[in-house]
Amino acid sequence: MSLLVVGTVAFDAIETPFGKTDKIIGGAATYATLAASYFTDKINLLSVIGNDFPESAIQQFADYEISTEGLQIKSDAKTFFWSGKYHNDMNTRDTLATELNVLADFDPLVPDSYQDCEFLMLGNLMPSVQRKVIERLWIRPKFIVMDTMNFWMDIAMEELVQTIALVDILVINDAEARQLSGEYSLVRAAQKILNLGPKYLIIKKGEHGALLFNKQQVFFAPALPLEDVFDPTGAGDTFAGAFIGHLAATRDVSFENLKRAIIFGSAMASFCVEKFGTERIVGLTEEEVQERVQAFIDLVQFDISLV
Ligand code: AMP
């Protein structure tokens, strides 16, 4: 049984108040697979790249035992490119460029060796492509996590809503939840989004943590207060990758275990923002990850006896 991650493998150019990068390796599926690899094995990557993508970056997936059998290489086109600039608060950003390139006609072919997929992470991509992946799996996975962003709400809302109806959990940020639902209150937004079909919803609030909803319950996980947030790019994908990585490792999709998965996701995301790109989420030791998770436990633990 395996974890399948579909999403972008990309070049990003990032500008934050701390500095600027040229094209570096990014993409939702890059962050998500790397983060998941700290928690589970048998990770399969489904994506597309162009003729300009370096061999060494493909090798890095192999180094983390992430299968690239489903990574299509288009010899006549360029890799997806995204560029963004963060505001001083680091919670908001402007997209400067989105060049779909190879993504424009991406046909997500699922290799037979990926068909034992038990956990599916639909990383940020065209919603129609995300749906195709679900349809092409012979057996519906036990649990489907879906990410998306404002870009798709702007240009493909109808398809997006159709895909959301097919998944178990949608993971979006607060601005996206408001845009998707047309509600300012996140509680109202959550009710409306859950009515679209998913059993659960996570609303990420950047440095203010994340909320997990189902129709009856709410759980809140803080973000770790960090001295310096260097580059938030990929934090959401890292969060989602670690989240589903924990679920895949434990094969437990109870609300209690989703709560634990959120803490693992938040811990990995807190590493991601400490450096540009994927730099901080490669080469972490087990001890570093455990210490960070412990910091979360310490942050929220308190004793109150109610009489
Ligand atoms: P995050 O900061 O978690 O929202 O994710 C940032 C990553 O998403 C970057 O590495 C980008 O390459 C990728 N990305 C940006 N825009 C899109 C898009 N429209 N579709 C898919 N991936 C995107």
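Every heavy atom of this structure was used, including side-chain atoms; hydrogens, water molecules and symmetry mates were not. Whatever order the structure lists them in is the order used to number ligands and atoms, beginning at 1. In this text, all values refer to a predicted model and were calculated from it rather than measured experimentally.
Checked against a 3.5 angstrom limit, the closest N/O atoms of Gly236 and ligand 1 fall inside it. Annotation: Asp237 places an N or O atom under 3.5 Å from an N or O atom of ligand 1; distance criterion only. The shortest N/O to N/O separation between Ala10 and ligand 1 does not fall below 3.5 Å. For Phe11, no nitrogen or oxygen atom sits less than 3.5 Å from a nitrogen or oxygen atom of ligand 1, counting backbone and side chain alike.
Scanning both residues, Thr30 and Ala10, for their nearest heavy atoms gives OG1-N, 4.4 Å.
The hydrophobic cluster around Ile304 extends to Phe302, Leu306, counting ILVMFWY residues whose side-chain heavy atoms fall within less than 4.5 Å of a member.
Taking each of Phe81, Tyr31, Trp82 in turn, the one with a heavy atom nearest to atom 16 (N) of ligand 1 proves to be Trp82.
Considering only non-hydrogen protein atoms, atom 18 (C) of ligand 1 sits nearest to Met149 SD, 3.5 Å. Closest protein heavy atom to atom 21 (C) of ligand 1: Asn124 O, 3.1 Å. Here the heavy atom of the protein found nearest to atom 4 (O) of ligand 1 is Arg93 NH2, 2.9 Å. For atom 14 (N) of ligand 1, the closest heavy atom belonging to the protein is Phe80 CE2, 3.8 Å. Residue, atom and distance of the protein heavy atom nearest to atom 13 (C) of ligand 1 are Thr8 OG1, 3.9 Å. At the top of the distance list for atom 10 (O) of ligand 1, counting protein heavy atoms only, stands Asp12 OD2, 2.4 Å.
Contact atoms of ligand 1 toward Gly26: 10 (O) (distance under 4.0 Å to a heavy atom of the residue). Of all the atoms in ligand 1, the ones that sit under 4.0 Å from a non-hydrogen atom of Gly234 are 1 (P), 2 (O), 3 (O), 5 (O), 6 (C). Set against the non-hydrogen atoms of Gly27, the atoms of ligand 1 under 4.0 Å away are 9 (C), 10 (O), 12 (O).
Screening residues 298-307 for side-chain hydrogen bond (donor to acceptor under 3.5 Å, both in side chains), with sequence neighbours left out, gives Gln294-Asp298.
Within a 6.0 Å sphere centred on CD1 of Ile139, other residues, nucleotides and ligands contribute 12 heavy atoms or fewer.
A donor-acceptor contact under 3.5 angstrom links the side chains of Glu69 and Ser113, judged on distance only.
For the pair Asp168 and Arg140, the salt-bridge criterion is met [side-chain N within less than 4.0 Å of a carboxylate O]. Salt bridge annotation for Lys23-Asp52: absent, with no cationic side-chain nitrogen under 4.0 angstrom from a carboxylate oxygen. Glu118 and Lys42 are not joined by a salt bridge, as no carboxylate oxygen comes within less than 4.0 angstrom of a charged side-chain nitrogen. Ion pairing between a basic and an acidic side chain is recognised when a charged N comes within 4.0 Å of a carboxylate O; Glu135 and Lys132 show no such pairing.
Residue contact check for ligand 1: Trp152 places a non-hydrogen atom closer than 4.0 Å to it.
The six-membered or imidazole ring of Phe11 lies near that of Phe53, with a centre-to-centre distance under 6.0 Å.
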